[in-house]
Amino acid sequence: MIMLSRTVEIPESEIELTAIRAQGAGGQHVNKTSTAIHLRFDVRASSLPEFYKTRLLAASHHLITAEGVVIIKAQEYRSQEMNREAALQRLINLIRELTTVEKARRATRPTRASKERRLEGKSRRSSVKAMRGKVR
């Protein structure tokens with residue numbers, strides 16, 4: 001079980017992890033071993049609460065396909081286990097990032113003192129510029 005919060009968790013059976021060969025330079029090691037991890041998580045078929053599903057499917061994120069499948073490829077590390085942990089952590093971070101509810105901003109008015117400071121600064125700047133004229 002992967003814990004997202006105190007009440008929400010994902011069973012590991014819903015996450016498909018596949019070991020593949022990593023790309024890029026690395027010599028003999030990278031050519032022989034399958035250390036990279038390809039993670040697939042189907043949001044629609046998951047047991048996530050409906051709120052999480054709608055938020056994830058509505059988001060236009062490069063890791064989420066149009067069919068609602070999260071695809072993560074982890075190949076930063078030389079060991080398969082560390083790449084597995086990195087992929088799972090990236091999935092958790094993605095879900096948490098896209099499902100946090102922003103606090104609504106309450107409209108406020110500027111204070112009288114801040115208005116006066118602003119106007120004072122503008123008049124001071126105006127007088128400085130006025131003094132740059134030709135001397136007669």
With a 4.5 Å heavy-atom cut-off, do Leu56 and Leu48 have their side chains touching? yes
Can you give me the closest heavy-atom contact between Thr100 and Glu97, atom names plus distance? OG1-O, 3.2 Å
Arg132 vs Lys129 side-chain heavy atoms within contact, under 4.5 Å: yes
Find out whether Val8 and Phe51 are in side-chain contact, i.e. whether some heavy atom of one side chain is under 4.5 Å from a heavy atom of the other. no
First locate atom CD1 of Ile72, then atom CZ of Arg40, and finally report the distance between them rounded to the nearest 0.5 Å. 12.0 Å
Side chain Thr99, main chain Ile95, donor-acceptor under 3.5 Å: yes
Please name the pair of heavy atoms, one in Glu76 and one in Ala86, separated by the smallest distance, quoted to 0.1 Å. OE1-CB, 3.5 Å
Supply the atom-to-atom distance Ile71 CD1 to Leu39 CG, rounded to the nearest 0.5 angstrom. 9.5 Å
Return the CD1 to CE distance between Ile37 and Met82, rounded to the nearest 0.5 Å. 12.5 Å
Minimum heavy-atom separation for Gly68 and Asp42, please, with both atom names. O-OD1, 3.5 Å
Is there a donor-acceptor pair closer than 3.5 Å between any side-chain N or O of Arg125 and the backbone N or O of Glu120? no
Using the rule that Ile, Leu, Val, Met, Phe, Trp and Tyr join whenever any side-chain heavy atoms are under 4.5 Å apart, tell me whether Ile15 and Leu57 fall into a single cluster. yes
Taking the side chain as every heavy atom from C-beta outward, state whether His61 and Ile64 have any atom pair closer than 4.5 Å. yes
If only atom types and distance count, is the side chain of Gln75 paired as donor or acceptor with the main-chain N or O of Asn83 below 3.5 Å? no
With heavy-atom distances below 4.5 Å as the criterion, would you say the side chains of Lys122 and Arg118 are in contact? yes
Quick one: pull up CG in Leu119 and CZ in Arg124 and give me the separation to the nearest 0.5 Å. 11.5 Å
What distance do Glu67 atom CD and Arg44 atom CZ have between them, rounded to the nearest 0.5 Å? 8.0 Å
Hey, are the side chains of Thr111 and Lys115 touching, using non-hydrogen atoms and a 4.5 Å cut-off? no
Are Val69 and Phe41 side-chain neighbours, meaning at least one heavy-atom pair lies under 4.5 Å? no
Distance check, rounded to the nearest 0.5 Å: Thr54 atom OG1 versus Glu50 atom CD? 6.5 Å
Decide yes or no for Tyr77 and Thr35: does some side-chain heavy atom of the first lie under 4.5 Å from some side-chain heavy atom of the second? no
Taking the side chain from Gln80 and the backbone from Ser34, do they hold a donor-acceptor pair closer than 3.5 Å? yes
Tell me if a side-chain donor or acceptor on Lys53 pairs with a main-chain N or O of Ser46 at a distance below 3.5 Å. yes
